[in-house]
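Sending over a structure as structure tokens; questions will come in a sec.
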Amino acid sequence: MRKCRVLLTFAQSIDGNIAARDGESRYISESGSLSLAQELRRNHDAILVGIGTVLKDNPLLTCRSHPEETPLRIILDSGLRLPEDSRIAATASAVPTMLFTCEENLDSGPAYRLREAGIEIQAVSRLESGLDLGEILSRIVELGMESLMVEGGSGVLSAFVAQQLWDRMLVVTSPMILGAGIGPFDRAGILSLDQARKPRVNEIRIMDNEVVWDLSPEERSGESAL
């Protein structure tokens, strides 16, 4: 059975936050890890983020130095809240973009206008935890995609970890203290120490002032690591 390799990647402060309490997350990363993110985008078939990241940061999600190598951009948006004036929508005619939402949104006015902007909209089932990630990955495989880079935010990262749908994780830790903020896995359902996940460490390296963790899922009884 064909499978899409899933990379989770994010930058965090030394106290484990990917955003401040108000949701601001830009500039946690330094120049070295930002370059790494650009390289990773070029090496993947698709990039995925949740609508919260789009609404807060209004990202382009492109390969800035090699725009022609930008992979498919995928937005998870169960409520179809993607602004028509967002940078994602504004560039969708030039950069392949796909949005996954719920069935009831397909014939709405916003859906029509986003399609006009060049965004392909697909419906998937909605689970208690959000849009069905397994179904989304199956659709991605049907498109011939073999690698997916997941860039956040917290809800999306939490869902991939909770459902064990990842193959590799790159975590960049920056020398910054945010205090009370938003953690990458706040919604992963991990409530006690005995529920903690313990990824396998493949490599730890220093990049300028930042520490980069290269991780794989932990091995479980009867299973081999992905």
Side-chain angles (χ1 to χ4, degrees), residues 4-44 46-64 71 73-76 88 129-131 133 136-137 147-190 196-218 226:
C4 181
R5 299 187 307 277
V6 177
L7 167 71
L8 307 183
T9 180
F10 56 91
Q12 65 176 13
S13 61
I14 59 173
D15 51 351
N17 293 307
I18 61 172
R21 183 182 296 180
D22 64 359
E24 181 63 38
S25 62
R26 286 191 174 189
Y27 311 121
I28 289 180
S29 302
E30 297 189 0
S31 58
S33 58
L34 290 173
S35 297
L36 173 62
Q38 290 291 308
E39 179 183 348
L40 289 170
R41 287 178 181 178
R42 292 173 57 195
N43 292 330
H44 284 77
I47 314 168
L48 183 149
V49 299
I51 184 60
T53 296
V54 177
L55 293 176
K56 189 64 185 178
D57 296 339
N58 194 21
L60 268 175
L61 299 180
T62 57
C63 298
R64 295 184 183 90
R73 302 180 300 185
I74 298 175
I75 313 299
L76 303 189
I88 292 287
S129 58
L131 295 176
L133 295 181
I136 290 169
L137 290 175
S147 58
L148 173 67
M149 179 178 173
V150 179
E151 295 194 24
S154 179
V156 172
L157 292 168
S158 294
F160 273 93
V161 166
Q163 298 175 46
Q164 302 177 39
L165 293 174
W166 63 282
D167 302 285
R168 185 185 179 200
M169 186 185 300
L170 284 180
V171 182
V172 177
T173 302
S174 183
M176 176 184 296
I177 298 173
L178 291 178
I182 299 171
F185 309 119
D186 283 353
R187 290 183 259 175
I190 302 170
R197 305 293 174 85
K198 298 179 181 179
R200 186 179 65 210
V201 179
N202 301 318
E203 182 185 6
I204 303 173
R205 64 184 186 271
I206 305 297
M207 181 179 293
D208 296 328
N209 293 322
E210 298 174 305
V211 180
V212 182
W213 295 74
D214 187 334
L215 308 170
S216 296
E218 67 269 42
L226 294 174

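The shown structure was predicted, so the numbers you read here are calculated from the model rather than taken from an experiment.
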Contact summary for Leu60 and Ile88, nearest pair of heavy atoms: O-CD1, 3.7 Å
Counting C-beta onward and ignoring hydrogens, is there a side-chain heavy-atom pair between Val201 and Asp214 closer than 4.5 Å? no
Would Val211 and Ile206 count as a side-chain contact (heavy atoms from CB on, under 4.5 Å) here? Give the steps. CA-CA 5 Å; Val211 180; Ile206 305 297; 3.7 Å; yes
Gap separating the CD1 atom of Ile74 from the CD1 atom of Ile47, nearest 0.5 angstrom: 9.0 Å
Assess, by modelled atom type and distance only, whether the side chains of Ser154 and Asp186 contain a donor and an acceptor separated by less than 3.5 Å.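 No.
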Donor-acceptor check, side chain of Ser216 to backbone of Arg200, threshold 3.5 angstrom: yes or no?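 Not confirmed, Ser216 side chain does not pair with Arg200 backbone.
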Should Thr9 and Val150 be marked as a side-chain contact (heavy atoms from CB on, under 4.5 Å) after you check the CA-CA gap, both sets of side-chain angles, and the distance that decides it? CA-CA 6 Å; Thr9 180; Val150 179; over 6 Å; no
Within the 4.5 Å heavy-atom criterion, are Ser129 and Gln163 side-chain neighbours or not? yes
Does a side-chain heavy-atom distance below 4.5 Å link Met149 with Pro71? no
What pair of heavy atoms forms the shortest contact from Asp167 to Val6, and how long is it? OD2-N, 2.7 Å
Taking every heavy atom of Ala188 against every heavy atom of Ala162, the minimum-distance pair comes out as O-CB, 3.6 Å
To the nearest 0.5 Å, what is the distance between CD on Glu210 and CG on Leu36? 9.5 Å
Separation of Ser13 OG from Ile177 CD1 (nearest 0.5 Å): 8.0 Å
At what distance, to the nearest 0.5 angstrom, does NE2 of His44 lie from CD of Glu39?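 If I round to the nearest 0.5 Å, the distance is 10.5 Å.
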Nearest heavy-atom pair of Arg187 and Ser158: which atoms, and what distance? N-OG, 3.1 Å
Is the shortest side-chain heavy-atom distance between Trp213 and Leu170 below 4.5 Å? no
Nearest 0.5 angstrom please: Leu7 CG to Glu151 CD, how far?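 Spacing of CG (Leu7) from CD (Glu151) equals 9.0 Å.
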Within the 4.5 Å heavy-atom criterion, are Arg41 and Leu61 side-chain neighbours or not?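 A side-chain contact under 4.5 Å exists here.
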Do you know the tightest heavy-atom contact between Arg197 and Pro199?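 So the minimum-distance heavy-atom pair works out to O-CD, 3.4 Å.
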side-chain contact (heavy atoms from CB on, under 4.5 Å) with Ile28: which of Leu178, Asn17, Val172?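 Per the side-chain contact (heavy atoms from CB on, under 4.5 Å) rule, the option paired with Ile28 is Leu178, out of Leu178, Asn17, Val172.
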Arg168 and Arg5, any side-chain heavy atoms less than 4.5 Å apart: no
Would you compute the distance between atom CG of Leu157 and atom CE of Met169 and round it to the nearest 0.5 angstrom?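 Going from the CG atom of Leu157 to the CE atom of Met169 covers 7.5 Å.
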Closest heavy-atom pair, Leu165 versus Leu133, reported as atoms and distance to 0.1 Å, is CD1-CB, 3.6 Å
